[in-house]
Structures are given as C-alpha cells and as structure tokens.
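Data first, discussion second: the structure below is written as structure tokens.
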Amino acid sequence: YRYMRACEELMRACLHREDFDGALDACRKTIPGYEAAYAMHTSPLIGLQKFTLGKLEWHQENTQRARAALREARQILEVTHGREHPLVGELCVMLADVEQAASADAEQQQWRRRGLNDDGDAHE
C-alpha cells in the first residue's frame, strides 16, 4: 500500500511540474498495486487510474498504449459510473480521438510497407 501511495504522490508531483514522462512512469507503476488491492477488477479506482494512464499515454503520443488503457477504463467506468456519466462521456470522446489517430497511423504504416508515400505515390 505504501509503495502505491508513494507512486501516486510522485505522479501528482510530476504533473505539477509538468514532467509528463515521470508522471507516466509513476502512473504505470500504480496499476498493479490497484489491481492487487482491489481484487474486483471493476473497482472505480482502477478505472479512474487507467483513464489517467490513457490520458498520459495519449499526451506522450503513445497511441496504442493510450487506446488499450482507455478501452480498459471505459469497460470499468461504464459499469461503475454508468454510460451516461459525464466522465464516461469525456473518456469516450478521448477514445474516439485515439482510435482515429491509431487508424491513421496504421494506414500510414501500410503505405510505407508498400513503398508508397502518404499520397499513394511511389517513393523516389
């Protein structure tokens, strides 16, 4: 419990200093502690922490990790808070943005694998 609490405090301090890499690292470390402390994986605290993790991943442009964390957060928070809750609405908007970015990233990777640029023209 103390380790998890220390990571929470570290995350808050990093956010206050706008050290997003440090905040992300600290947030990642809290998840296993939350999952161990709250055996019921639909705990709102786990959902909120995964939402925070998703936000931080997104801020740091880790699209795939952001998508995974936000999807997990949505599954939990829809149960604990309800689909109509404003927090869930905010999460869904963010997740839609992340999904759109992930789709665009995947499309660009396909073009690159084919040796084409983003407009579909062959690289010279």
Side-chain angles (χ1 to χ4, degrees):
Y1 175 78
R2 287 183 179 162
Y3 176 75
M4 188 171 68
R5 184 91 170 134
C7 288
E8 276 286 328
E9 291 301 319
L10 176 60
M11 183 181 74
R12 285 189 192 100
C14 288
L15 287 171
H16 182 73
R17 292 190 331 258
E18 296 185 7
D19 172 9
F20 297 108
D21 288 327
L24 178 57
D25 184 54
C27 188
R28 284 178 182 156
K29 291 176 181 176
T30 65
I31 300 293
Y34 273 99
E35 290 175 339
Y38 303 99
M40 181 179 73
H41 287 280
T42 56
S43 166
L45 293 176
I46 294 172
L48 292 170
Q49 198 66 6
K50 289 190 177 195
F51 188 19
T52 300
L53 178 62
K55 286 180 182 181
L56 288 167
E57 294 284 10
W58 181 232
H59 185 273
Q60 297 303 95
E61 299 180 5
N62 300 325
T63 306
Q64 299 303 325
R65 288 181 176 183
R67 179 168 55 178
L70 292 172
R71 283 178 173 176
E72 290 176 23
R74 183 186 61 195
Q75 286 179 330
I76 295 167
L77 296 176
E78 281 182 347
V79 171
T80 62
H81 287 60
R83 290 183 176 178
E84 302 303 318
H85 193 279
L87 183 71
V88 175
E90 177 187 340
L91 189 158
C92 288
V93 168
M94 182 176 289
L95 182 56
D97 290 345
V98 170
E99 296 278 6
Q100 184 177 9
S103 177
D105 289 348
E107 188 175 317
Q108 286 177 356
Q109 288 174 0
Q110 286 178 344
W111 285 110
R112 287 186 191 114
R113 279 194 294 267
R114 293 181 190 148
L116 304 173
N117 64 24
D118 293 342
D119 296 325
D121 298 326
H123 287 283
E124 297 177 19

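Every value quoted in this text rests on a predicted model; they were computed, and no experiment measured them.
Counting all heavy atoms, side chain and backbone alike, Lys29 lies closest to Cys7 at CB-SG, 3.8 Å. Of all heavy-atom pairs between Ala101 and Trp58, the closest is CB-CH2, 3.5 Å. Between Cys14 and Ala23 the shortest heavy-atom distance is CB-N, 3.4 Å. Here the closest non-hydrogen pair linking Gly33 and Met4 is C-SD, 3.3 Å. Leu70 approaches Lys55 most closely through the heavy-atom pair CD2-N, 4.3 Å. Closest approach of Ala73 and Gly47 over heavy atoms only: CB-O, 3.5 Å.
Between the CG atom in Leu10 and the OH atom in Tyr3 there is a gap of 9.0 Å [rounded to 0.5 Å]. Atom OG1 of Thr63 sits about 7.0 Å away from atom CD of Glu61, to the nearest 0.5 Å. For the atom pair CG (Asp97) and SG (Cys92), the distance works out to 11.5 Å, reported to the nearest 0.5 Å. Note that OG1 of Thr52 is 11.5 Å distant from CD of Glu57, once rounded to the nearest 0.5 Å. Between the CG atom in Leu53 and the OH atom in Tyr34 there is a gap of 12.0 Å [rounded to 0.5 Å]. In this structure, CD1 on Ile31 lies 5.0 Å from CD on Gln49, to the nearest 0.5 angstrom.
Side chains of Arg74 and Arg83 form no contact here, defined as non-hydrogen atoms less than 4.5 Å apart. The shortest distance between side-chain heavy atoms of Asn62 and Leu24 falls below 4.5 Å. By the 4.5 Å heavy-atom criterion applied to side chains, Leu48 and Ile76 are not counted as neighbours.
Grouping the Ile, Leu, Val, Met, Phe, Trp and Tyr side chains by contacts below 4.5 angstrom, directly or via other members, places Leu56 apart from Leu77. Neither Phe20 nor Phe51 shares a network with the other; the hydrophobic side chains, linked directly or stepwise wherever heavy atoms of I, L, V, M, F, W or Y lie under 4.5 Å apart, form separate groups for each.
Residues passing the side-chain contact (heavy atoms from CB on, under 4.5 Å) test with Ser43, sequence neighbours excluded: Tyr38, Leu45, Ile46.
Note on residues 12-23: pairs passing side chain to side chain donor-acceptor pair (under 3.5 Å), not counting sequence neighbours, are Glu8-Arg12, Glu9-Arg12, Arg17-Asp19, Asp21-Gln60.
A salt bridge is absent between Arg67 and Glu72: the closest approach of a Lys/Arg side-chain nitrogen to an acidic carboxylate oxygen does not fall below 4.0 angstrom.
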